[in-house]
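Below is one structure, written out as structure tokens; the observations come after it.
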Amino acid sequence: PPRFSVVATAPPDSILGLNEAFAADTNPEKMNLSVGVYKDVSGQTPVLRCVKAAEQRLVDGEKTKGYLPIDGQADYRTHVRKLVFGDTIDASRIAVLQTPGGTGALRESAAFLSSQIPGARVWISNPTWANHQAIFASENVPYDSYRYLAADKKSFDVDGMIDDLTTKTRPGDAVLLHACCHNPTGVDPTAEQWNMIAALLSEKQLLPIIDFAYQGFGHGLDEDAVAIRAITNVCDEAIVCSSFSKNFGLYSERVGAVSVVSADSATSAAVQSQLKALVRSNYSNPPRHGAAIVATILDDADLTQMWHAELTEMRTRIRQLRSQFVETMKTTGAGHDFSFLLDQNGMFSFSGLNPMQVDELRQKYSIYIVGSGRINVAGMSEDRMDHLCKVVAAVIE
Ligand code: PLP
């Protein structure tokens, strides 16, 4: 009998599934606020100008398509270290691995935990990015959740988080944290709260795993590293998972990195060797192009300046869309105050819209939002804000 006849259909990815429905929707007024990519004024996800310039140089100067080292391109890894940690930690304590995107970084971290620290559980915020649990489950790392979003669905439940991490964890467990621009809520701890969280991690001997997918999308490249600084100030060990999908707009090139901070350089060398061993039997070595783009930009003062300007432009525009939405909603007479969106960071926010309202927006008006009510603010557009707010007002009334 055919062996594959036993294979059952896997459930579709909840967010990417919406994307397919959006593509098939023929309503000219349709709007996609679901998937997590930045869109510019013209509704496109652009290639940054600094990226185009770097690619031109790469094409002109490229001499080989030979394999990269297992842990990636050396100058790329040095740049990642600087971008994430500045010069706050001795470089010899940080093992850096180039990975296929932030997802690859998280997956290698999970594999590292599972192979080197078996038995450790990972604590994940409730709610979190829809892929986090699946990634750790794939490497057989047990996980549980800690409280994060307050009952009002708008603010940070700092007491709940501290209480859960204090009372439920065991020493040696890991805690997955979003460094900034928490996905899906947009709600981040303050610098002071990060200090509290960091002190608790240190005191309880919990291993921080920091998902850094949005560096530069919150308040700025350095500002967004406040969690990294707070934690590495008091914890000897930490894992940081970087993604350059959003901040360089390199989504499909799959560029990311794992940085593992160890207590001393001898340990760090051992960690680097284990990370390489994991990669070797997984995908052998990483793809060249995306990381070469990032390294080319960060190697060159002019391209770096161009990148900073383009990143600032994306960040500022998302903030403007937030305030335009809040102001325009006020004019609809719906009587629902969305001002809480102004304090939130990054592309995402919980809108507070319930599943019925989300359904109605999709079916009646072709506005696509994730069932949880998470909206991608970067999917809004200036010239169609009136229409969006009118129909949101219609479903909440
Ligand atoms: N972590 C979070 C919180 C994310 O939102 C994302 C992407 O949406 C990722 C990680 C993964 O990023 P990448 O596309 O680079 O794999």
Side-chain angles (χ1 to χ4, degrees), residues 13-19 32-39 45 48 51 72 76 80 83-84 97-111 122-139 143 145 148-149 174-189 208-218 224-225 227-228 239-259 282-283 286-287 289-291 293-294 311 314-315 318 344-350 370 372 374-379:
D13 183 275
S14 60
I15 297 176
L16 299 181
L18 268 182
N19 240 19
N32 191 350
L33 305 185
S34 58
V35 76
V37 298
Y38 177 80
K39 297 203 186 129
T45 301
L48 298 189
V51 166
Y76 168 82
V80 170
L83 204 55
V84 173
L97 180 73
Q98 176 188 327
T99 59
T103 306
L106 286 158
R107 181 70 186 250
E108 288 310 306
S109 303
V122 59
W123 292 84
I124 301 180
S125 72
N126 177 24
T128 196
W129 179 45
N131 210 7
H132 275 152
Q133 287 94 340
I135 290 171
F136 286 93
S138 298
E139 296 290 349
Y143 61 84
S145 68
Y148 189 83
L149 194 65
V175 182
L176 183 63
L177 302 150
H178 300 226
C180 65
C181 307
H182 184 273
N183 180 2
T185 66
V187 173
D188 291 329
I209 303 179
I210 309 171
D211 186 342
F212 207 3
Y214 296 95
Q215 185 174 11
F217 263 58
D224 290 349
I228 316 284
I239 299 179
V240 181
C241 299
S242 297
S243 163
F244 298 121
S245 300
K246 320 289 152 97
N247 53 10
F248 280 89
L250 286 171
Y251 306 89
S252 57
E253 296 294 355
R254 312 308 299 137
V255 206
V258 185
S259 307
N282 187 1
Y283 52 87
H289 188 65
I293 295 170
V294 170
L311 182 57
M314 291 192 278
R315 178 175 64 245
I318 294 170
Q344 301 180 349
N345 303 309
M347 296 201 289
F348 302 118
S349 276
F350 261 9
V370 184
S372 62
R374 184 194 83 167
I375 48 173
N376 174 11
V377 178

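Remember, it's a predicted structure, so these values are computed and weren't measured experimentally. All ligand and atom numbering here is 1-based and tracks the order in the structure. We use all heavy atoms of the structure for the numbers below, so side chains are in, but hydrogens, waters and symmetry mates are not.
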If you have a sec, work out which protein heavy atom is nearest [atom] and how many Å separate them, to one decimal?
atom	answer
atom 7 (C) of ligand 1	K246 NZ, 2.9 Å
atom 12 (O) of ligand 1	S243 OG, 3.6 Å
atom 9 (C) of ligand 1	W129 CH2, 3.5 Å

Is the distance between the ring centroids of H132 and Y143 less than 6.0 Å?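 That pair fails the under 6.0 Å test.
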
Kindly give the heavy-atom pair with the smallest separation between G72 and P286, and that separation in Å.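 In this case the closest contact between G72 and P286 is CA-CG, 3.7 Å.
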
Which atom pair, heavy atoms only, marks the closest approach of A179 to A227?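 Taking every non-hydrogen atom into account, O-CB, 3.9 Å.
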
Look at the rings of Y148 and H182 and say which category their plane angle falls in: under 30° parallel, 30 to 60° tilted, over 60° perpendicular.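 The arrangement is parallel - the two ring planes meet at less than 30°.
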
Do ligand 1 and G102 have nitrogen or oxygen atoms that lie under 3.5 Å from each other? yes

Looking at ligand 1, does any of its N/O atoms fall within less than 3.5 Å of an N/O of Y214? yes

Only one of I239, L177, V240, V175 passes side-chain contact (heavy atoms from CB on, under 4.5 Å) with P208; say which it is. L177

Heavy-atom check, side chain of [X] versus side chain of [Y], under 4.5 Å:
X	Y	value
Y214	D188	no
N247	M314	no
C180	N345	no

Does ligand 1 have an atom that lies less than 4.0 angstrom from a heavy atom of F244? no

Report yes or no: does R254 have a heavy atom closer than 4.0 Å to ligand 1?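 So R254 counts as touching ligand 1.
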
Per atom 15 (O) of ligand 1, closest listed option by heavy atom (G256, G346, S245):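 Looking at heavy atoms only, S245 sits closest to atom 15 (O) of ligand 1.
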
Residue selection (non-hydrogen contact nearest atom 2 (C) of ligand 1) among L176, D211, V37: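 Going through L176, D211, V37 one by one, D211 has the nearest heavy atom to atom 2 (C) of ligand 1.
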
Quick check on contacts: which atoms of ligand 1 are under 4.0 angstrom from a heavy atom of T103? 11 (C), 13 (P), 16 (O)

Check each atom of ligand 1 against the heavy atoms of A213 and keep those under 4.0 Å away; list them by number with element. 1 (N), 2 (C), 4 (C), 10 (C)

